[in-house]
Every structure is written in structure tokens, then in C-alpha cells.
Amino acid sequence: MIKGQAAKIGDKSLYDRWVESQGIPVVRDFYIEDVRKVALESWERKGGHGVFLNLIGTEEINDSYICEIGPGRSLKPERCLFEEMVYVVSGRGATTVWNEGGRKQTFEWQAGSLFSPPLNCWRQHFNGSGSEPARFFAVTSAPLVINLFHNLDFVFQNEFCFVDRLPEEERYFSADGKQYPGRIWDSNFVPDVKSIALEEWKERGGGGKNILLELSENTMAAHISEFAVGRYKKAHRHGPGAHVVILGGKGYSLMWPEGAPKRRFDWREGSIIVPPNMWFHQHFNTGAIPARYLALRWGSTKYKFLSNSQGEGVDVSVKEGGNQIEYEDEDLEVPRMFEEELAKEGVASQMHA
């Protein structure tokens, strides 16, 4: 922790100073090429190895980090007053969660699992292998919470128990999820985001499928999308902080603020992209299999917060007041580039099917 929490006028935010105090690297870029290969360093506070990913598109509205647990090891128990969504990149293990003085609940996870320890509960992560490390990627609301309260003891040493977020239930992390209209799946634990069934979402194009995830009564949320071989999705825009993790496939994304040149980012399994606030972005599948990604973001449908990050209008044309560019309105360079990339890969275009 930082000794002396009062910030001087014009000084760095408390969140920035807290990050610096952790003694691990900080990556600041538009995207990560492969989350599995990012170098980590010893993280004393966690008891493992880690790196912060404060990517440009987060605009300090949320953040992310990678953490690794050594073979046969565990991380230190901790609690915090910010939300955290955890995607398991590799390995297998278990997590124990509990409220102060309450019953401990343990659930197992594997590569591809997604979960969120309920707000301010104690949690401890264990590696289930004695020979291989376990690595996970987490997106949190730490910047917003730390800067809002600007008191680290309040954020990390708060004894309040959110019993509505972690009730004394036997199957809190193993119970069946609940499905709601609008492609919504409400669950505290997703065993494998790579194989979970998705629903058709024609409005976004690309032969796309999607599911919206509500986790542990959070105000943060997630979604999983997949689009077909030889296809690409329509360009759209929304608020900052959506961490797009490529789960499978090969392709590229274009990102640009309105009226500016487009920037291209090539991706494959393990890549992470975070589009900046209200930048248009568009995803293209140039590979031989459907492309699937997980987006960890603001935008719960249950608990509205930060209205410009909720994703309203992402499937409605900009000509109708929405935030999507229809195929017929896109720049001619977009389909031209896509056709050229498909030819290099030997994949047939399906955009005219």
C-alpha cells in the first residue's frame, strides 16, 4: 500500500500511484498480441507473478491485469471494494470465497472458465497442478473506485459484507444459470466460454451469434460473440473499457475515431483489443474457422451505470440515431481489404451469400 494517501493538486491520480507501488510492469498500448506470452514479474501483494494492462482504450474507467500462480502454489487471500471478472487463460485450479466470519465456498476452474468473486468478499486462488503454472486475465473497476474514494484502506480493508452478492448458498458457483429474453445469461460461473451455446444476432451482421453475461450481481458485465468464416461484422462504437479477448480464430480489427484514418490490428487466439471511447471498430474473420471472442466491459443490463458504456444503439444505424455503420454505408476500402486478406489465406468470401 501507499503511505500517505493525500494527493497534491496536479499530482497523479491515487490509482496511478497505487499501480506504481505494486512493483510490476505496466503495459500501455492499444492491444496485446497474445495474453499467453506476456512477460510477468514477481507480485508481492498477490503472492504470484503479474503485469498490469492499462490499455489506451480503458481511459482509466477500468483496468486489467494478468496473474500467474506457480505449480502447486496459491495466491494470498485478499478482498477489495471493486468488481473483478476473471478469465482463466491456462491451467486448472480452484478458488475459495467467503465473507468475513461466513462459510467458505470453493469451486474448481479450468482454461476457458469465467467467474467473478462477489464484491468485497475474501477470495483465494489455488493452482491445481503441481507441474504447470495457472494463468488468468482479470478486468476490474479499480481505477474508478480507487479514484472516487481516494482512500486505500477503505477500498482494501473495508469490513462491510455484501451478503446480497454472496449469500450463504451451497451451490452459488455451481447452480444452473438463468436465461432471459434478449440473449441474456445470468450466472456466477461459466465453465467454458469457448463452448457455451450462443444465439443468433442478425442485426450485427457477419453471420453472428452472441450471448450477454451477467455475473455475481455486478455492474460490470460481459458478452461472447462469434462470426462466420469468410464474413465480417458491421462497424460500431460505444463507451470505453471493453476488453475484447480473442478465444479462437484468426483475423484483424479496424479502429478509428469518426473522420480519422483507420488503424489495423491483426489478431489470433489470445489477442486482446480495447477500442477507445466512441471509436468505430470492426472485426474481420480471415481464418478457416468461426472467430469467437469474449468482451469484458461495463454495461450490465440488470444494474444500469455509465450510460455511454451500456452499448445502446450498437445494432442500430447511425442514420437512425444509433452507433452502427451498415454495410451499404461503409467505405469501399473495407470490403476491398477483406477480399485481399481472404485471398492470401485461401478462404472464400461469404459476404454475398
Flag side-chain contact, heavy atom, 4.5 Å: L75 against R123: no

Partner set under salt bridge (Lys or Arg N to Asp or Glu O under 4.0 Å) for K194, not counting sequence neighbours: E269

Approximate separation, where rounding is to 0.5 Å, of M85 CE and L213 CG: 9.5 Å

Minimum-distance pair of heavy atoms, taken over all atoms of S349 and F338: OG-CE2, 4.5 Å

P143 vs E59 side-chain heavy atoms within contact, under 4.5 Å: no

Heavy-atom side-chain contact between E200 and R183 under 4.5 Å: no

Whether S300 side chain and M220 backbone form a donor-acceptor pair below 3.5 Å: no

Side-chain H-bond candidate by donor/acceptor type, Y65 with K46, under 3.5 Å: yes

Side chain W298, main chain I61, donor-acceptor under 3.5 Å: yes

Expected output: side-chain D192 to main-chain I196 donor-acceptor under 3.5 Å: no

Check: F280 and Q282 side chains under 4.5 Å, non-hydrogen atoms: no

Min side-chain heavy-atom separation Y15-N54 under 4.5 Å: yes

Check: R36 side chain, R135 main-chain N or O, donor-acceptor pair, under 3.5 Å: no

Donor-acceptor contact present, side-chain S141 to main-chain L144, <3.5 Å: no

Residue pair N99 / L166: nearest heavy atoms and the distance that separates them: ND2-O, 3.3 Å

Minimum heavy-atom distance between F189 and S187, given as atom pair plus value: O-OG, 2.8 Å

NZ/NE/NH1/NH2 to OD/OE distance under 4.0 Å, E132 and R92: no

Closest heavy-atom pair and its distance - N151, L14: N-CD2, 3.7 Å

Atom of S116, atom of F173 and distance for their closest heavy-atom approach: O-CE2, 4.0 Å

Donor + acceptor pair across side chains of N323, R237 (<3.5 Å): yes

L198 CG to L212 CG distance, which is reported to the nearest 0.5 Å: 10.5 Å

Test item: K76 side-chain N/O and E44 main-chain N/O as donor-acceptor pair under 3.5 Å: yes

Closest non-hydrogen atom pair, W267 against S253: NE1-OG, 2.9 Å

Short side-chain donor-acceptor distance under 3.5 Å, T219 and E83: yes

Residues R17, E20: salt bridge by 4.0 Å N-O rule: no

Nearest-0.5 Å distance that lies between atom CZ in R268 and atom CG in D34: 5.0 Å

I56 vs W279 side-chain heavy atoms within contact, under 4.5 Å: no

Atom pair CD (E341) and CD (E339), whose distance is rounded to the nearest 0.5 Å: 11.0 Å

Flag, side chain of T140 to backbone of S64, donor-acceptor distance under 3.5 Å: no

Check ion pair K344-E340 (N to O, under 4.0 angstrom): no

C121 vs F162 side-chain heavy atoms within contact, under 4.5 Å: no

Derivation and outcome, ring pair (Phe, Tyr, Trp, His ring centres under 6.0 Å), residues Y232 and Y327: CA-CA 10 Å; Y232 65 86; Y327 290 133; 5.5 Å; yes

Interatomic spacing from CG in L254 to CD in E330 - rounded to 0.5 Å: 10.0 Å

Main-chain N/O of T301 paired to E214 side chain as donor or acceptor, under 3.5 Å: yes

Donor-acceptor pair, side chain of H243 and main chain of G241, under 3.5 angstrom: yes

Cation-pi, F227 ring and R231 (6.0 angstrom, 45 degrees): no

Stepwise ring pair (Phe, Tyr, Trp, His ring centres under 6.0 Å) check, F284 with Y252: CA-CA 5 Å; F284 301 79; Y252 64 93; 4.5 Å; yes

Whether H238 and H236 hold their rings parallel, tilted or perpendicular, with breakpoints at 30° and 60°: tilted

Contact check, side chains of N158 and R79, non-hydrogen atoms, under 4.5 Å: no

Modelled atom types, side-chain donor and acceptor of H223 and R297, under 3.5 Å: yes

Ring centre gap for F52 and W18 strictly below 6.0 Å: yes

Mutual orientation of the aromatic rings belonging to F107 and F115 [parallel < 30°, tilted 30-60°, perpendicular > 60°]: perpendicular

Any side-chain donor near an acceptor of the partner, Q324 and E326, under 3.5 Å: yes

Side-chain donor/acceptor of N285 to backbone N/O of A228, under 3.5 Å: yes

From OH (Y293) to CD1 (I246), nearest 0.5 Å: 8.0 Å

